[in-house]
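For reference, the structure is listed below as structure tokens.
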Protein chains: 2
Amino acid sequence: MPKATPQTRIQKKNTDAILEAALEVFSANGFRGATVDMIANEAGLSKPNLLYYFASKEAIHAAVLERLLGTWLDPLRALEPAGDPLLEIVGYMHRKLDLARDYPRESRLFANEIVQGAPRILTILQTDLKDLVDEKAKVIAAWSAAGRITPVDPYHLIFSIWSMTQHYADFDVQVHAILGGDHDPYPDARRYLETLFTRMLRP
Amino acid sequence: MPKATPQTRIQKKNTDAILEAALEVFSANGFRGATVDMIANEAGLSKPNLLYYFASKEAIHAAVLERLLGTWLDPLRALEPAGDPLLEIVGYMHRKLDLARDYPRESRLFANEIVQGAPRILTILQTDLKDLVDEKAKVIAAWSAAGRITPVDPYHLIFSIWSMTQHYADFDVQVHAILGGDHDPYPDARRYLETLFTRMLRP
DNA sequence: GCGCATTTTGACCACTTGGTAAAACCTACG
DNA sequence: CGTAGGTTTTACCAAGTGGTCAAAATGCGC
């Protein structure tokens with residue numbers, strides 16, 4: 001396997017192609033449903049060539065997840081205690097909905113992983129994610145207690161933002177099966193969710 | 001393969017055991033992640049013996065899905081046009097939340113299938129499910145138009161009920177990673193969702 | 001307990017899959 | 001050039017997988 005830090009042009013190009021291909025294949029098929037051959041093919045490499053860059057299928061998966069985790073948590077990090085409560089929460093919902101629209105594969109990758117018990121990222125959920133959520137839940141609880149929004153359970157508020165926004169990425173085929181294939185659900189979803197959170201939270 | 005209709009005692013016992021085992025294994029691993037051996041083992045049979053009752057892995061999967069579909073759609077079917085709008089919608093949410101709590105494996109089975117593009121049930125989504133949703137969306141739209149609830153997009157209202165309730169089954173490990181493993185989230189979830197829908201929909 | 005249909009098993013097969021070894025091939029740089 | 005380091009390919013396992021088959025074992029009505 002090539003050295004980690006000093007990347008040649010070719011290494012950079014190929015690892016990028018592999019990670020992009022792996023995202024495509026893992027998100028569409030899950031970890032077990034994906035094969036190294038599929039990923040290699042999608043990346044335009046032979047299987048042994050791919051395994052020259054990553055030691056194993058597990059290693060590719062781990063690399064893809066690691067690269068994504070930051071992006072995935074950023075919208076929640078940006079929730080500002082100093083801001084206007086309702087605008088902050090609705091803004092967070094908007095950012096998550098945009099993420100679902102613009103990065104559906106990333107959303108499905110996490111969905112696949114978590115639905116099957118998160119065997120490879122459970123630790124991260126219990127540490128990094130939990131810490132972040134605990135911190136922001138305190139902020140929301142303070143807004144509740146101060147009467148600036150309706151009193152609500154902050155954890156379940158966050159769960160509801162996650163579930164409703166990610167639904168449009170993860171269950172995309174079902175949404176399109178019901179609305180019709182050519183219909184873009186996001187504008188309507190945005191309006192609906194704005195109404196929902198505004199009416200629920202306005203004190 | 002044994003005859004379809006005239007089931008002997010042994011056939012009944014074994015097919016039941018297989019379907020139960022298949023639900024367990026498919027919901028935890030997805031279609032491709034599950035192996036016929038796993039299912040046979042879980043059912044207490046040998047692999048060839050299992051394949052004496054079902055022609056193939058696909059056939060087992062199809063049988064499990066078919067058996068579940070009815071149960072899964074019943075809560076929406078029970079939405080009564082003649083009832084009180086808010087009570088009907090909150091009632092539907094309750095039934096879905098109970099389903100998530102009492103039948104998490106069934107929920108995860110569908111989640112696995114749909115996240116990966118629903119290759120085996122797309123047709124059903126586009127026909128049976130769509131027809132049912134269209135019908136109930138009309139009911140909700142009529143309530144909206146009559147001013148009996150806040151004007152909302154009925155389709156996205158239904159999506160939000162699905163996503164928030166199923167979240168507690170499908171993303172169970174994540175919920176527990178954040179709330180702590182021994183915490184039962186359902187009572188709080190119920191209260192939160194009641195507040196949410198009541199405040200959003202009350203005219 | 002007999003005879004027949006049902007059920008179960010053990011051995012097996014073809015194919016896929018993750019991964020390896022070593023040789024062949026580039027390619028930057030002196 | 002030429003050669004050293006990086007890259008790619010060819011050929012190949014060993015394990016796992018879905019599925020088959022004929023023979024053995026079991027149930028069951030009489």
Side-chain angles (χ1 to χ4, degrees), chain A residues 1-65 112-113 116 119-120, chain B residues 1-65 112-113 116 119-120:
Chain A
M1 192 166 41
K3 303 255 176 182
T5 25
Q7 292 223 357
T8 70
R9 267 203 323 289
I10 294 178
Q11 274 172 38
K12 173 112 182 61
K13 195 192 73 178
N14 282 345
T15 51
D16 281 0
I18 292 169
L19 289 175
E20 158 67 22
L23 173 60
E24 181 73 24
V25 174
F26 279 134
S27 69
N29 303 94
F31 182 78
R32 267 215 92 190
T35 75
V36 178
D37 252 327
M38 282 169 147
I39 300 171
N41 210 43
E42 180 85 19
L45 300 172
S46 67
K47 184 172 63 168
N49 196 7
L50 182 151
L51 289 167
Y52 167 72
Y53 291 99
F54 289 90
S56 68
K57 185 181 171 184
E58 288 265 6
I60 308 170
H61 193 255
V64 175
L65 275 175
N112 262 309
E113 184 67 11
Q116 298 189 7
R120 285 166 283 270
Chain B
M1 193 164 43
K3 303 254 177 184
T5 25
Q7 292 222 354
T8 71
R9 267 203 322 289
I10 294 178
Q11 275 172 36
K12 173 114 184 62
K13 194 192 74 179
N14 282 345
T15 51
D16 281 0
I18 291 169
L19 290 175
E20 158 67 23
L23 173 60
E24 182 75 24
V25 174
F26 279 134
S27 69
N29 302 92
F31 181 78
R32 269 213 89 188
T35 74
V36 178
D37 252 329
M38 283 168 152
I39 300 171
N41 210 43
E42 180 84 21
L45 300 173
S46 66
K47 184 171 62 166
N49 196 9
L50 181 150
L51 288 166
Y52 168 72
Y53 291 99
F54 288 90
S56 67
K57 185 180 170 183
E58 288 266 6
I60 308 170
H61 193 255
V64 175
L65 275 175
N112 262 310
E113 185 67 10
Q116 297 189 7
R120 283 166 284 269

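Each chain gets a letter, A, B and so on, in the order the sequences are listed, and its residues count up from 1.
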Does the side chain of [Y] come within less than 4.5 Å of [X]'s, by heavy atoms?
X: D16(A); Y: K12(A); result: yes
X: I60(B); Y: F31(B); result: no
X: F26(B); Y: K57(B); result: yes
X: Y53(A); Y: L19(A); result: no

For the pair made of [atom1] in [X] and [atom2] in [N], what is the distance, rounded to whole Å?
X: E58(B); N: dT17(D); atom1: CD; atom2: P; value: 17 Å
X: K12(B); N: dT6(C); atom1: NZ; atom2: P; value: 19 Å
X: L45(A); N: dG19(C); atom1: CG; atom2: P; value: 16 Å
X: L51(B); N: dA11(C); atom1: CG; atom2: C1'; value: 15 Å
X: L50(A); N: dG18(C); atom1: CG; atom2: P; value: 11 Å
X: F54(A); N: dG18(C); atom1: CZ; atom2: C1'; value: 16 Å
X: N41(A); N: dT17(C); atom1: CG; atom2: C1'; value: 15 Å
X: Y52(B); N: dT20(D); atom1: OH; atom2: C1'; value: 15 Å

Checking only heavy atoms, does the side chain of K47(B) share a donor-acceptor pair with the base of dG19(D) at less than 3.5 Å?
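Side chain to base: pair present.
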Considering all heavy atoms, the nearest [X]-[Y] contact:
X: A63(B); Y: F54(B); answer: CB-CE2, 3.7 Å
X: V64(A); Y: A22(A); answer: CG2-CB, 3.6 Å
X: Q116(B); Y: N29(A); answer: NE2-O, 3.3 Å
X: L51(B); Y: A55(B); answer: CD2-O, 4.0 Å

Is there a side-chain contact between [X] and the phosphate of [N], meaning an N or O under 4.0 Å from OP1 or OP2?
X: S56(B); N: dG18(D); answer: no
X: Q11(A); N: dT7(D); answer: yes
X: N14(B); N: dT8(C); answer: yes
X: N49(A); N: dT9(D); answer: yes

Nucleotide by nucleotide, nucleotides 22-30 of chain C touches protein heavy atoms under 4.0 Å in the pattern (B base, S sugar-phosphate only, - none) ------S--
Winner on side-chain proximity to P48(A), out of dT20(C), dT7(C), dG19(D), is dT20(C)
Could you list the donor-acceptor pairs under 3.5 angstrom formed between side-chain atoms of residues 38-46 of chain A and any protein atom two or more places apart in sequence or on another chain?
unit_1: S46(A); atom_1: OG; unit_2: N49(A); atom_2: N; d: 3.3

Residues of residues 31-39 of chain A with a heavy atom under 4.0 Å from any atom of DNA chain C, listed by number, are A34(A), T35(A), V36(A)
